[in-house]
Amino acid sequence: MPRPSHASPLLSLPGAVPAEAPDEGVAAHYGDLFREQRALADGSGFVDLSHRGVVTVTGPERLSWLHLLLTQHVSDLPPGHATEALVLSAHGHIEHAVSLVDDGETTWMHTEPGNQEALIAYLESMKFFYRVEVADRTDEIALVHLPAGSIAEVPGNAVVRETAHGRDLFLPRADLESFALGFSPGGTSRTESGGGPAAGVLALEALRVEAHRPRLGLETDHRTIPHELGWIGSAVHLQKGCYRGQETVARVHNLGKPPRRLVFLHLDGSEVHLPPHGTPVRLASEGEEGRQLGFITTSARHHELGPIALALVKRNVPVDAPLMAGTTAAAQEVVVEP
């Protein structure tokens, strides 16, 4: 996946530890991972996601045009209504995932860090004679996440995308630092305010794993189809017109089963290290030399559940079978039915 080019000014906040791939450019945490998780779970604080790509589409035909390209039904998308969508290959494999909202004049989308250029290239190739304009707004617009339940005041110049998981703010990048300072009592720093509201991406990732929500580039590889991750319904609308890859979506939905399925794992808490992305998953009964049945997609340390992970495994893996992630014992919960 392409690397982001934006380093956030909020990395200068006290305690900030830079994140690693794929989230370079923002903070992994600000010194207390579990406290940051608890704050987000309680509806306070914010997460700097200014490394994510921001793309806009304008023009009178923007929604009808996007409707032809995306897996989601967006031709009649009401202003302010948030949704998510995918771009598939001709064979139904996931190429792009976008989170979007329309404000009545502009469709705003955010995507994985550095992925906006490839997304824009595809959109530009499909413009033909449609009255639309596609723009990369990443240099001027920063994404900020407010957790569900937050009562924080939203700046008047921000575009808001509100979901059950919280609010995404498309905020002018020049206002990012002043926005962050506004969360601290008296405009003081995080340390001076006795534990301010900034939370790193690791806290948000732990809550994402807990909620079983897939992420492009982590839960996906070059052959992932939407059914494997539970994206049917939330990101793929089954009663809309043609789009690239629709034949595969319809065929698997109506006639078959996906070859793999997403699972949630409770990991052995005695292990010091979390199994990284790509760690082989095997049946515990077959040990470390057994057949690889899948791989870890994301692992995290949760403030209540302990070490947890998402994994993509073969569909026929028994749902009650104890697993091994590398050398770490793992108990699975069903996310996508076999």
Side-chain angles (χ1 to χ4, degrees), residues 4 6-54 82 84 97-99 101 108-115 138 141-155 158-173 175-184 189-191 193 195-211 213-218 298 300-304 308:
H6 296 88
S8 172
L10 302 191
L11 285 171
S12 64
L13 289 178
V17 175
E20 299 178 353
D23 291 316
E24 302 105 322
V26 295
H29 61 82
Y30 295 90
D32 194 332
L33 173 61
F34 289 157
R35 181 167 62 179
E36 294 166 28
Q37 280 188 41
R38 288 191 291 268
L40 293 180
D42 290 340
S44 62
F46 72 96
V47 184
D48 174 14
L49 297 178
S50 60
H51 62 317
R52 289 185 63 82
V54 176
E84 56 184 351
V98 296
S99 301
V101 68
W108 296 79
M109 299 182 279
H110 66 82
T111 188
E112 289 297 324
N115 198 49
T138 311
I141 300 294
L143 193 75
V144 174
H145 176 77
L146 298 177
S150 171
I151 59 173
E153 183 177 350
V154 175
V159 174
V160 180
R161 178 180 177 273
E162 185 163 4
T163 74
H165 303 286
R167 287 176 287 173
D168 297 333
L169 309 185
F170 294 88
L171 184 72
R173 190 170 289 274
D175 296 344
L176 182 58
E177 286 184 273
S178 59
F179 174 84
L181 285 175
F183 272 74
S184 298
S189 73
R190 179 185 181 281
T191 301
S193 64
V201 290
L202 288 183
L204 188 62
E205 282 290 276
L207 300 183
R208 178 182 70 81
V209 172
E210 178 193 17
R213 297 172 60 209
R215 181 175 171 187
L216 182 75
L218 293 177
T298 307
R301 296 192 185 278
H302 191 274
H303 69 286
E304 291 182 339
I308 56 177

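All residue numbers refer to positions in the sequence shown, counting from 1. Since this is a predicted model, take the numbers as computed values, not measurements.
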Requested in this report: Take D168 and V101 through the side-chain contact (heavy atoms from CB on, under 4.5 Å) test and state the conclusion after the steps.
Outcome: CA-CA 10 Å; D168 297 333; V101 68; over 6 Å; no
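- Shortest non-hydrogen contact noted between L33 and A203 is CD1-N, 3.6 Å.
- Here the side chains of H110 and V98 are not in contact, with every heavy-atom distance at 4.5 Å or above.
- Between the side chain of S99 and the backbone N or O of T111, no donor-acceptor pair lies under 3.5 Å.
- Nearest heavy-atom pair across P155 and L169 is CD-CD1, 4.4 Å.
- For E36 (side chain) and Y30 (main-chain N/O), a donor-acceptor pair under 3.5 Å exists by modelled atom type.
- Between S50 and D48, the closest heavy-atom pair is OG-OD1, 2.7 Å.
- Across all non-hydrogen atoms, the minimal contact from V54 to T138 is N-OG1, 3.0 Å.
- Using modelled atom types, no side-chain atom of R215 and backbone atom of E205 make a donor-acceptor pair closer than 3.5 Å.
- A donor atom on one side chain and an acceptor atom on the other are found under 3.5 Å apart for R208 and T298.
- Nearest heavy atoms, A198 versus L13: CB-CD1, 4.1 Å.
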Query - Stepwise side-chain contact (heavy atoms from CB on, under 4.5 Å) check, E112 with R52 - result: CA-CA 5 Å; E112 289 297 324; R52 289 185 63 82; 3.1 Å; yes
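- Ring geometry for F179 against F46 counts as perpendicular: the plane angle is over 60°, on a 0 to 90° scale with 30° as the lower cut.
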Report task. Let me see the working for W108 and I141 under side-chain contact (heavy atoms from CB on, under 4.5 Å), right down to the final yes or no. Result -> CA-CA 11 Å; W108 296 79; I141 300 294; 4.0 Å; yes
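- No donor-acceptor distance shorter than 3.5 angstrom exists from the side chain of R167 to the backbone of R161, with no hydrogens or angles considered.
- From L181, atom CG reaches atom CG of L176 across 10.0 Å, with rounding to the nearest 0.5 Å.
- Closest heavy-atom contact between H51 and P22: CD2-O, 4.2 Å.
- Atom CD of E162 and atom CG of L146 lie 9.5 Å apart (nearest 0.5 Å).
- The shortest distance between side-chain heavy atoms of L204 and L49 falls below 4.5 Å.
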Query raised in the report: Can you list the steps and then say if V201 with V47 is a side-chain contact (heavy atoms from CB on, under 4.5 Å)?
Result: CA-CA 7 Å; V201 290; V47 184; 4.3 Å; yes
